[in-house]
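Just so it is clear, the values below take in all heavy atoms, side chains as well, and ignore hydrogens, waters and symmetry mates. For ligands, and for the atoms within them, numbers begin at 1 and follow the listed sequence.
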Amino acid sequence: MSVTELENLDTIVSLAKARGFIYQSSEIYGGLGAVYDYGPLGTELKRNIRDFWWTEMTRRHDNIVGLDAAILMHPKVWEASGHVEGFNDPMIDDKQSNKRYRADMLVEGHIARLRGKGKAEEADELQQLLDTAGSREGLCEDLHQIIMDHEIRAPESGAFEWTEVRQFNLMFQTQFGATSSGDDGDAVYLRPETAQGIFVNFKNVMDTARQQVPFGIAQVGKAFRNEVVARQFIFRMREFEQMEMQYFVEPGTDEESYNNWLNKRLEWHKALGIRPHKLRTHPHPEDKLAHYAADAADIEYEYPIGWQEVEGIHNRTDFDLSQHHEYSGKKLEYYDQKKQKRYTPYVIETSIGLDRTVMMALCDAYREEEVDGDSRTVLKLNPAIAPTDVGIFPLIKKDKLQDLAHKIEQDLRGDYKVLYDESGSIGKRYRRQDEAGTPFCITVDFDGVESEGEDTVTIRYRDDMTQDRVPVSRLREVISDKTKSWKPE
Ligand code: GAP
């Protein structure tokens with residue numbers, strides 16, 4: 001059997017659309033850039049991944065509690081967090097095409113082209129200038145100067161007609177309340193990360209959930225960023241979902257906790273069914289750390305677009321709680337009774353994009369296989385997250401077979417996501433479920449209902465296409481055992 005893995009992102013985009021995983025938002029109006037809707041199978045897959053994370057983070061830790069904070073928050077939150085001042089990208093516009101580019105990425109693209117042409121020395125010099133941008137006249141001015149001096153042209157139009165470089169804030173603004181005057185003073189933002197909802201509720205949770213440091217708060221929710229370079233399907237979206245956990249620890253224990261969480265999170269990705277050789281951790285070098293971070297690393301997956309971040313683990317020190325203390329005037333401290341010591345806890349953050357995880361799961365599961373001269377596309381998803389658990393088919397449309405198939409359907413429905421299908425050849429039905437990632441298909445045939453004793457059916461396994469004949473009463477046991485023992489290939 002020959003097996004081909006995913007080589008091109010477009011293949012997943014097409015499959016996701018054709019099978020009802022993911023559609024472009026508002027497609028009948030021409031779509032909305034970098035915004036996507038999840039269809040029936042995508043909704044199930046996303047929900048299963050969300051539950052898989054929630055179970056691991058909250059149910060398996062008695063010191064991590066949940067939160068569901070609002071998307072809209074007091075505008076001061078974003079001043080305290082640094083997003084109003086610092087959540088910017090330096091942008092430049094091509095006057096000929098009116099297209100907007102990230103100025104630093106334009107320079108990076110130029111450096112890559114120079115290297116491609118063997119001009120390593122020139123590329124090194126330019127890289128040095130880029131690395132020190134901001135240290136001469138200011139970030140925007142320095143980037144503009146580099147673009148001018150090296151005559152870097154717009155990638156699409158080829159023009160050299162640039163505007164100045166300007167900082168572009170990535171937060172979406174909206175107006176608040178019926179009396180809004182439209183002034184900036186009334187502006188509220190759609191949150192660009194879920195984390196701040198956790199920080200501002202630190203005291204509420206402390207006071208009500210009887211937790212003692214170390215403890216964590218977990219949350220899943222929407223975040224919004226007006227990304228400028230927003231391509232690559234659901235990898236970089238303007239509306240997306242984050243699953244974040246902030247773990248509050250005593251200063252001095254932060255490094256150990258950070259390493260612990262980095263390991264735990266990497267193990268979670270493997271437990272999700274992602275092949276270990278497609279995962280790696282990428283620690284941020286000290287000179288690239290955010291000003292508030294003592295340590296940071298990405299968990300990366302090798303997508304068809306290269307190695308990319310799926311999750312970030314950060315040691316955020318006491319920056320966030322101290323900032324909110326300063327801006328709100330409310331103390332966000334912890335008093336350790338046993339040690340008789342008061343301090344502002346440090347925060348170890350685990351922050352993962354749900355949509356990027358869906359994309360990772362789809363990419364990792366995708367295979368095209370040649371089987372005895374026939375080809376099939378199959379999603380070898382971990383059964384624990386597959387959108388449909390079980391396909392149930394009567395071999396042909398005969399009452400006897402249909403009745404038993406419906407009986408099995410009724411019995412499993414509720415505990416499993418099942419799909420009854422009697423249309424088309426059995427081979428076609430298997431192929432449809434292979435493409436949807438359904439791990440088990442049950443077929444009811446005459447051999448099983450006409451023999452002596454208990455009715456039997458065949459259960460067919462998606463990954464290796466083998467089949468077993470099983471008494472109906474053992475179906476749940478077989479499904480449960482095979483789900484637990486599943487390993488990625
Ligand atoms: N609270 C920390 C924080 O938000 P981040 O690295 O900006 O950190 C965390 O985001 C995760 O959110 C990323 O690792 C990524 O998976 C996801 N993410 C960020 N921006 C995204 C976007 N535009 N589209 C989809 N996912 C995104």
Starting from atom 24 (N) of ligand 1, what is the nearest protein heavy atom, named by residue and atom, and what distance separates them? Met237 N, 2.8 Å
Is the shortest distance from a heavy atom of Arg316 to ligand 1 less than 4.0 Å? yes
Give me the residue, atom name and distance of the protein heavy atom closest to atom 10 (O) of ligand 1. Gln242 NE2, 3.4 Å
Show me which atoms of ligand 1 lie under 4.0 Å from any heavy atom of Glu349. 1 (N), 2 (C)
Minimum-distance protein heavy atom relative to atom 6 (O) of ligand 1: Glu309 OE2, 3.2 Å
Report the C-alpha distance between Trp261 and His61 in whole Å, list the side-chain angles of each, state the deciding distance to 0.1 Å, and finish with yes or no for ring pair (Phe, Tyr, Trp, His ring centres under 6.0 Å). CA-CA 13 Å; Trp261 277 110; His61 291 92; 5.4 Å; yes
Which residues satisfy the side chain to side chain contact (heavy atoms under 4.5 Å, CB included) test with Gln96, sequence neighbours excluded? Asp94, Ser157, Ala159, Glu161
List the closest protein heavy-atom neighbour of atom 9 (C) of ligand 1: residue, atom name, distance to the nearest 0.1 Å. Ser351 OG, 3.0 Å
So which of Arg356, Arg225, Glu193 gets nearest to atom 5 (P) of ligand 1, if we judge by its closest heavy atom? Arg225
List ligand 1 atoms under 4.0 Å from Glu244, heavy atoms only on the residue side. 1 (N), 2 (C), 3 (C), 4 (O)
Apply the side-chain contact (heavy atoms from CB on, under 4.5 Å) test between Tyr36 and each candidate in Tyr23, Phe233, Phe240; give the one that qualifies. Phe233
Within the 6.0 Å centroid threshold, strictly below: Phe248 and Phe202: yes
Give me the residue, atom name and distance of the protein heavy atom closest to atom 25 (C) of ligand 1. Phe235 O, 3.2 Å
Is the closest heavy-atom distance from Val310 to ligand 1 below 4.0 Å? yes
Heavy-atom contacts under 4.0 Å between Glu311 and ligand 1: side chain, backbone, both, or neither? backbone
Establish, yes or no, whether a centroid distance under 6.0 Å links the rings of His83 and Tyr189. no
Under 30°, 30 to 60°, or over 60°: which ring-plane class applies to His282 and His284, parallel, tilted or perpendicular? tilted
Under 3.5 Å, N or O to N or O, is Gly353 touching ligand 1 that way? yes
Are Lys76 and Tyr327 in a cation-pi contact, defined as NZ or CZ under 6.0 Å from the six-membered ring centre and within 45° of the axis? no
Please state which option from Phe87, Phe240, Tyr36 has its nearest heavy atom closest to atom 26 (N) of ligand 1. Phe240
According to the salt bridge (Lys or Arg N to Asp or Glu O under 4.0 Å) rule, which pairs have a member within residues 322-336, sequence neighbours left out? none
Strictly under 6.0 Å, is that where the ring centroids of His277 and Trp307 end up? no
Below 4.0 angstrom from a heavy atom of Ala195, which ligand 1 atoms are there? Numbered from 1 as shown, please. 1 (N)
